[in-house]
Amino acid sequence: MSFGETPITLVGNLTDDPELKFTEGGAALAKFTIAVTPRSFDRTSNQWKDGTTAFYRCAAWRTLAEHVAESMSKGSRVVATGRMRQHDWTTDQGEKRSMLAVEIDDVGASVRFTTVTVNAKRTNSAAPAGDPWNTPGNPAAADAEPPF
């Protein structure tokens, strides 16, 4: 993360299936929206009350994008971390527009209200070079102790 970026963690539900696209250069891009509704307990009525739902437009790139598209669907409850980004553009009519979106760094299923089954899918490209947790494609090395 660079200086001046706004980190954010979202806990909510996908409003639709992620939309997977590929750039002209071949990079995968998954676009999706997370609906986040705050809840608070009203002691007067002795009930939970929902606040105003906020909708966050999100984008995940490369391997993460493909995993999100394969793993998540409309209604999936997720925990996502990323960075707020402002996007500015000019319409064909010359009007200036801007929007905030979240560039997702990581996302997972929330198990607060349900259970999930995780199918580990190891990809050597997912871990950066020099990462001590990234085991080589050698089956014998996969069972080795971590280097600490």
Checklist entry - How far apart are the C-alpha atoms of Met99 and Trp89, what are their side-chain angles, what is the distance that settles it, and do they pass the side chain to side chain contact (heavy atoms under 4.5 Å, CB included) test? => result CA-CA 9 Å; Met99 69 174 274; Trp89 71 95; 3.7 Å; yes

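- Closest heavy-atom contact between Ala59 and Leu29: CB-CD1, 3.8 Å.
- We find the CD1-SG distance between Ile34 and Cys58 to be 4.0 Å, quoted to the nearest 0.5 Å.
- In this structure, OG1 on Thr33 lies 12.5 Å from CG on Asn13, to the nearest 0.5 angstrom.
- The backbone N or O of Val111 lies less than 3.5 Å from no partner atom in the side chain of Thr114, so there is not a single donor-acceptor pair.
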Checklist entry - Could you walk me through whether Thr63 and Trp61 pass the side chain to side chain contact (heavy atoms under 4.5 Å, CB included) check? => result CA-CA 7 Å; Thr63 304; Trp61 289 92; over 6 Å; no

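- Sorted by first then second residue, the salt bridge (charged side-chain N to carboxylate O under 4.0 Å, His left out) pairs that include residues 55-67, not counting sequence neighbours, number zero.
- Among pairs with a residue in residues 84-95, those fulfilling salt bridge (charged side-chain N to carboxylate O under 4.0 Å, His left out) read Glu5-Arg85, Arg85-Glu103, Glu95-Arg97, at least two apart in sequence or across chains.
- With rounding to the nearest 0.5 Å, the separation of CG in Leu10 from CD1 in Ile104 is 6.0 Å.
- Considering all non-hydrogen atoms of both residues, Ser73 and Pro18 come closest at CA-CD, 4.1 Å.
- Between the CD1 atom in Ile8 and the CG atom in Leu100 there is a gap of 9.0 Å [rounded to 0.5 Å].
- Residues Val78 and Leu64 share a hydrophobic cluster, clusters being chains of Ile/Leu/Val/Met/Phe/Trp/Tyr side chains in contact below 4.5 Å.
- Sorted by first then second residue, the side chain to side chain donor-acceptor pair (under 3.5 Å) pairs that include residues 18-30, not counting sequence neighbours, are Glu19-Lys21.
- Every residue meeting the ring pair (Phe, Tyr, Trp, His ring centres under 6.0 Å) condition with Phe41, not counting sequence neighbours, appears here in chain and number order: Trp48.
- Nearest heavy atom pair, residue Val79 against residue Ser110, reads CG2-CB, 4.0 Å.
- Distance check, rounded to the nearest 0.5 Å: CD of Gln86 to OG1 of Thr6 gives 10.5 Å.
- When all heavy atoms of Ala60 and Ala65 are compared, the pair lying nearest together is O-CB, 3.2 Å.
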Item to check | Test side chain to side chain contact (heavy atoms under 4.5 Å, CB included) applied to Phe32 and Asp16, step by step | outcome: CA-CA 7 Å; Phe32 52 96; Asp16 211 343; over 6 Å; no

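- Residues meeting the side-chain hydrogen bond (donor to acceptor under 3.5 Å, both in side chains) test with Asp50, sequence neighbours left out: Arg39.
- Partners of Arg43 under the salt bridge (Lys or Arg N to Asp or Glu O under 4.0 Å) rule, at least two apart in sequence or in another chain, do not exist in this structure.
- Met72 contributes atom CE, which lies 12.0 Å from atom CG of Asp17 (distance to the nearest 0.5 angstrom).
- No continuous path of ILVMFWY side-chain contacts below 4.5 Å connects Phe55 to Val36, so the two sit in separate hydrophobic clusters.
- Contact between Thr52 and Pro38 at its shortest, heavy atoms only, is O-CD, 3.3 Å.
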